[in-house]
Amino acid sequence: MATEPTLQNVSFPSAGTTAYGYLAVPPAGHGPGIIVIQEWWGLTAHIKDITDRFARAGFVALAPDLYGGQVAHDSDEALRMMAELPTERGVDLLSGAVSYLLARPETDGDTVGAVGFCMGGGFVLGLAAKDQRVSAAVPFYGVLRDGVPDFSRLKAEILGHYGEQDHSLPPEFLEELRSTIESQSGIVPTFHLYPGAGHAFFNDGRPETYHARSAAQAWERTLDFLRTQLAPADPA
């Protein structure tokens, strides 16, 4: 049996075009499916590393490339690239990635989890609100560019991670978001605030924002949550 994940670049039809992504299959050769959604920088080495980590933890992890191979090198370029990807278009591309992942023989179950960071954290919520094949959603400091989506069709449980020092996502916004999700869907999300952590606290490729203690705690909480939500149902 393999002891390391199997890694490959893949392509698949999505939203009327050919989309690309990075796929990591766990050493066991199968497992629950996870969509890993990039920050505004693109499909970077950091996002690929997270995808590999999920595979080592037993998940079939797919990171779709929402920028078609481009990676931003500074914040101005990242802002421009993010602005050129409308939220609705990004969600449609991600929904195609869900179809592709569920169709792969390595993927167990008929739903997937979705985990995203910054821009990708916002896309996690948009995808879960639209696509009921997402049963577990994990936004890390998710930025909602076009307002709060309609959660009336939401079926996914939600676990969110936010830094107490992230001034772009104040606690009052999170309370409003929690209330909206609950009132529209009946689902009560769990949001964790991490003392001493700011925006992008999970990105260990950026020492100016990385907060190791918070990142480690958020990772363990995420794995526990995904394993619980994506565990196979007990036979009747």
Side-chain angles (χ1 to χ4, degrees), residues 14-15 17 19-22 34-51 54 61-98 112-131 134 136-151 156 158-163 165-170 173-174 177 181 189 191 194 197-206 208-211 214-215 218-219 222:
S14 180
T17 190
Y20 299 89
Y22 177 78
I34 299 290
I35 300 291
V36 182
I37 310 178
Q38 66 193 51
E39 298 172 300
W40 70 342
W41 305 106
L43 183 51
T44 60
H46 170 61
I47 297 299
K48 290 181 178 179
D49 178 65
I50 294 171
T51 307
F54 275 122
L62 172 65
D65 186 348
L66 296 178
Y67 289 166
Q70 298 183 77
V71 174
H73 297 94
D74 58 51
S75 57
D76 288 341
E77 188 178 16
L79 181 61
R80 174 186 62 78
M81 291 162 66
M82 181 177 69
E84 291 173 353
L85 178 65
T87 297
E88 184 176 358
R89 175 64 175 171
V91 169
D92 286 345
L93 288 168
L94 291 166
S95 192
V98 172
V112 302
V115 181
F117 304 83
C118 184
M119 176 188 80
F123 275 132
V124 161
L125 294 176
L127 176 64
K130 177 180 179 180
D131 195 326
V134 177
V138 185
F140 278 74
Y141 32 87
V143 175
L144 293 166
R145 292 187 290 142
D146 297 321
V148 176
D150 178 3
F151 290 106
I158 298 174
L159 174 70
H161 304 293
Y162 301 89
Q165 305 304 313
D166 186 349
H167 303 297
S168 66
L169 295 163
F173 168 77
L174 297 180
L177 179 61
I181 293 171
F191 291 153
Y194 294 86
H199 194 75
F201 70 81
F202 194 78
N203 192 336
D204 56 5
R206 298 183 62 203
E208 71 274 19
T209 65
Y210 180 56
H211 196 262
S214 300
W219 179 250
T222 297

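Computed from heavy atoms alone, side chains included, the values below leave out hydrogens, waters and symmetry copies.
- Contact detail for Ala137 and Val124: the closest heavy-atom pair is CB-CG1, 3.5 Å.
- Annotation: side chain to side chain contact (heavy atoms under 4.5 Å, CB included) contacts of Glu77 (sequence neighbours excluded): Ala72, His73, Asp74, Arg80, Met81.
- Considering CZ of Phe151 and CD1 of Ile158, their distance stands at 5.5 Å, rounded to 0.5 Å.
- Rounding to the nearest 0.5 angstrom, the gap separating the CG atom in Leu127 from the CD1 atom in Ile37 is 5.5 Å.
- Of all heavy-atom pairs spanning Leu62 and Thr51, the tightest one is N-CG2, 4.4 Å.
- Between Pro189 and Leu159 there is no side-chain heavy-atom pair separated by less than 4.5 Å.
- Taking the ring centroids of Trp219 and Phe140, they lie at or beyond the 6.0 Å cut-off.
- Screening Val36, Asp65, Val71 for a side-chain contact (heavy atoms from CB on, under 4.5 Å) with Leu43, the sole residue that qualifies is Asp65.
- Side chains of Ile35 and Val115 form no contact here, defined as non-hydrogen atoms less than 4.5 Å apart.
- Side-chain atoms of Leu93 and Thr17, non-hydrogen and from C-beta on, do get closer than 4.5 Å to each other.
- Nearest heavy atoms, Ala97 versus Ser14: N-OG, 4.1 Å.
- Salt-bridge formation is detected for the pair Asp92/Lys130: a Lys NZ or Arg NE/NH1/NH2 atom is positioned less than 4.0 Å from an Asp or Glu carboxylate oxygen.
- Within the 4.5 Å cutoff, the side chain of Leu177 has heavy atoms near those of the Val148 side chain.
- A donor-acceptor contact shorter than 3.5 Å links the side chain of Gln38 to the backbone of Leu66.
- Of the inter-residue distances, the one linking Phe117 atom CZ with Ile50 atom CD1 reads 3.5 Å to the nearest 0.5 angstrom.
- Donor-acceptor pairing under 3.5 Å is recorded for the side chains of His161 and Thr222.
- Two residues are said to be in side-chain contact when any heavy atoms from C-beta on lie closer than 4.5 Å; Ser75 and Trp41 meet this criterion.
- Minimum interatomic distance between Pro149 and Leu144 (heavy atoms only, all atoms of both residues): CD-CD2, 4.1 Å.
- Closest approach of Met119 and Trp40 over heavy atoms only: CB-N, 3.9 Å.
- Checked against the 6.0 Å centroid threshold, Tyr194 and His211 do not count as a close aromatic pair.
- For the ring-ring contact (aromatic ring centres under 6.0 Å, His included) with Tyr141, the qualifying choice from Phe201, Tyr162, Phe191, Phe173 is Phe201, the only one to do so.
- With hydrogens and angles left out, the side-chain atoms of Thr209 and Asn203 include no donor and acceptor closer than 3.5 Å.
- With a 4.5 Å cut-off on side-chain heavy atoms, Leu125 and Phe123 do not count as touching.
- When all heavy atoms of Arg89 and Ala15 are compared, the pair lying nearest together is NH1-O, 2.9 Å.
- Using a 4.5 Å cut-off on side-chain heavy atoms (C-beta onward), Met82 and Leu79 make contact.
- Partners of Ser168 according to the side chain to side chain contact (heavy atoms under 4.5 Å, CB included) rule, which considers only residues two or more places apart in sequence or in another chain, are Asp166, His199.
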